[in-house]
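To find a chain, count down the sequence lines: A is the first, B the second, and so on, and within it residues start at 1.
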Protein chains: 2
Amino acid sequence: MGRNSRKIEILHAASKVVSDQGIFNLTLEAVAKEAGISKGGLLYHYPSKEALVHGMVEHLANNYREKISNNAENDPIDKGKWIRAYVDVTFNQTYQNKNMHYGLLAAKAVSTNSLDPIRELYSEWQREIEHDGIDPVKASIIRLATDGIWLSELFDIYHIGEDKKKAIFKKLKDWANE
Amino acid sequence: MGRNSRKIEILHAASKVVSDQGIFNLTLEAVAKEAGISKGGLLYHYPSKEALVHGMVEHLANNYREKISNNAENDPIDKGKWIRAYVDVTFNQTYQNKNMHYGLLAAKAVSTNSLDPIRELYSEWQREIEHDGIDPVKASIIRLATDGIWLSELFDIYHIGEDKKKAIFKKLKDWANE
DNA sequence: GAAAGTGTACCGTCCGGATAGTATAGTTAA
DNA sequence: TTAACTATACTATCCGGACGGTACACTTTC
């Protein structure tokens, strides 16, 4: 268990704190406790709270970017591969390690520019999606609807039922194939 | 200028603080300063920070609810009137007093149940939208895409250009008429 | 009709608790 | 034995909220 995996464990712990206790309880002590280390140990790895949050966002961004570009590259059909990759990965991400998204919540709270990696990621994808062979307005709508699901869940505004989510997923994928 | 309008002024001040300085700077002192009153005066109107945030959410929810139900009631065509009202009002809301949405950001940060009025609102609309004569999955997608726009703007993840936004608005409205 | 009382709006100060970050001594592993 | 890491003790700061007043418009009571 090298340095790096410990650092990532800490990031997961931080996400869990945000998810369980809210942004205001994302304290260094709470994260240390959740990660099973001391506050000093935490500060050894991430010398400030901002650095910790930055780590969360960067980890999320790297994961997301890699998954989506892999997915797009392995798509046999060229037309619409980016929007399909986006929909696929986002849905699966939402099912699996949902709580990594909480890094965004933390980032939004902590400082203005800690969301920069995410913003960059999104403008990249927007470019790809719009030059992907399908109607850019339609592609944008598919993407916005996908975002609407996880954002409203992250925000806890409303949670869509599993069955309905699957139906929506299917229809969005269909549209991305037309 | 009665008691009520002063209270609403304070809510706007609080939203402005969140929008300009972020959630962590939503302090009683900052809000008081923005509203041009003292901390004591602020606490007179809202006896705690939680009460203040609750006021923000409730104000937003009431406004939103009223606008959408008015809009739906005045729609000459019955089929799809709720989803149309939702799309219309949300787009216009986003253009106009965008910063009221910041109450949600504050609510999400402050406590678990301060978002309750919003959650209730959303489940009401979801019910209406799904029994509105058009395909519920399609209606849900229209609604999710609408949410995706303002949520990603609120989150500052990415901002869609005005032209594209109008095109999306138009297409969503078309779909809501089919 | 004036003295006494009441309610509303607001101000400025103070305090306790929480928290980010520092310092440093100790421990483990290569 | 040195770099990676932990644990603890401590400091400085910030913030929510309590509180004691002030101002003033009203109403009631004698």
Side-chain angles (χ1 to χ4, degrees), chain A residues 1-57 59 102-103 105-114, chain B residues 1-57 59 102-103 105-114:
Chain A
M1 207 195 283
R3 172 185 188 148
N4 230 35
S5 68
R6 182 62 121 228
K7 289 191 82 169
I8 287 172
E9 271 175 43
I10 292 173
L11 298 180
H12 282 279
S15 295
K16 191 161 189 315
V17 170
V18 176
S19 144
D20 291 354
Q21 299 165 241
I23 310 169
F24 276 160
N25 294 310
L26 181 73
T27 64
L28 297 181
E29 259 159 8
V31 174
K33 192 180 172 190
E34 177 69 42
I37 60 172
S38 70
K39 193 176 165 183
L42 170 60
L43 282 163
Y44 174 78
H45 291 287
Y46 296 99
S48 73
K49 193 174 177 177
E50 206 169 330
L52 172 65
V53 171
H54 186 77
M56 293 170 82
V57 172
H59 181 64
Y102 285 96
L105 223 49
K108 179 66 189 165
V110 164
S111 90
T112 343
N113 49 358
S114 37
Chain B
M1 206 194 285
R3 170 185 188 146
N4 230 35
S5 69
R6 181 61 122 227
K7 288 190 84 170
I8 288 172
E9 272 174 43
I10 293 172
L11 298 180
H12 282 278
S15 296
K16 192 162 188 316
V17 170
V18 176
S19 144
D20 291 355
Q21 299 165 241
I23 311 169
F24 274 160
N25 294 310
L26 182 73
T27 64
L28 297 181
E29 260 158 7
V31 174
K33 193 180 171 190
E34 179 67 42
I37 59 173
S38 71
K39 196 173 166 181
L42 170 60
L43 281 164
Y44 171 77
H45 290 287
Y46 296 99
S48 72
K49 193 176 177 177
E50 206 168 332
L52 172 65
V53 171
H54 186 78
M56 292 170 83
V57 172
H59 180 64
Y102 285 96
L105 225 47
K108 179 65 188 164
V110 164
S111 91
T112 343
N113 50 355
S114 36

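B/Ile23 has its CD1 atom 17 Å from the C1' atom of D/dC15, to the nearest Å. As rounded to whole Å, 12 Å separates atom C1' of C/dT19 from atom CG of A/Asn25. Rounded to an integer number of Å, the gap from CZ of A/Phe24 to C1' of D/dC15 is 11 Å. Atom OH in A/Tyr46 sits about 18 Å away from atom C1' in C/dA20, given to the nearest Å. Whole-Å rounding puts the B/Leu26 CG to D/dC14 P distance at 17 Å.
Under the side-chain hydrogen bond (donor to acceptor under 3.5 Å, both in side chains) criterion, no residue pair touches residues 30-41 of chain B, with sequence neighbours excluded.
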Where do N or O atoms of nucleotides 11-18 of chain C meet protein N or O atoms at under 3.5 Å, pair by pair?
| residue | atom | partner | partner atom | Å |
| --- | --- | --- | --- | --- |
| C/dC11 | OP2 | B/Ser38 | N | 2.5 |
| C/dC11 | OP2 | B/Ser38 | OG | 2.9 |
| C/dC11 | O5' | B/Ser38 | OG | 3.3 |

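Here CG of B/Leu52 is found 7.0 Å from CG of B/Leu28. Values are rounded to the nearest 0.5 Å. Summarising the geometry, atom NE2 belonging to B/His45 is positioned 9.0 Å from atom CD belonging to B/Glu9; distances are rounded to the nearest 0.5 Å. A distance of 11.0 Å separates CG in B/Leu11 from NE2 in B/His54, rounded to the nearest 0.5 Å.
Relative ring orientation between A/His12 and A/His59 is described as perpendicular, the plane-to-plane angle rising above 60° on a 0-90° scale split at 30° and 60°.
Residue A/His45 places at least one side-chain N or O under 4.0 Å from the OP1 or OP2 atom of D/dT6. Under 4.0 angstrom from either OP1 or OP2 of C/dA9 there lies at least one side-chain N or O belonging to B/Tyr44. Between B/Arg6 and C/dC10, a side-chain N or O to OP1/OP2 separation shorter than 4.0 Å is present.
When atom types are taken as modelled, the side chain of A/Tyr46 and the backbone of A/Lys7 share a donor-acceptor pair closer than 3.5 angstrom.
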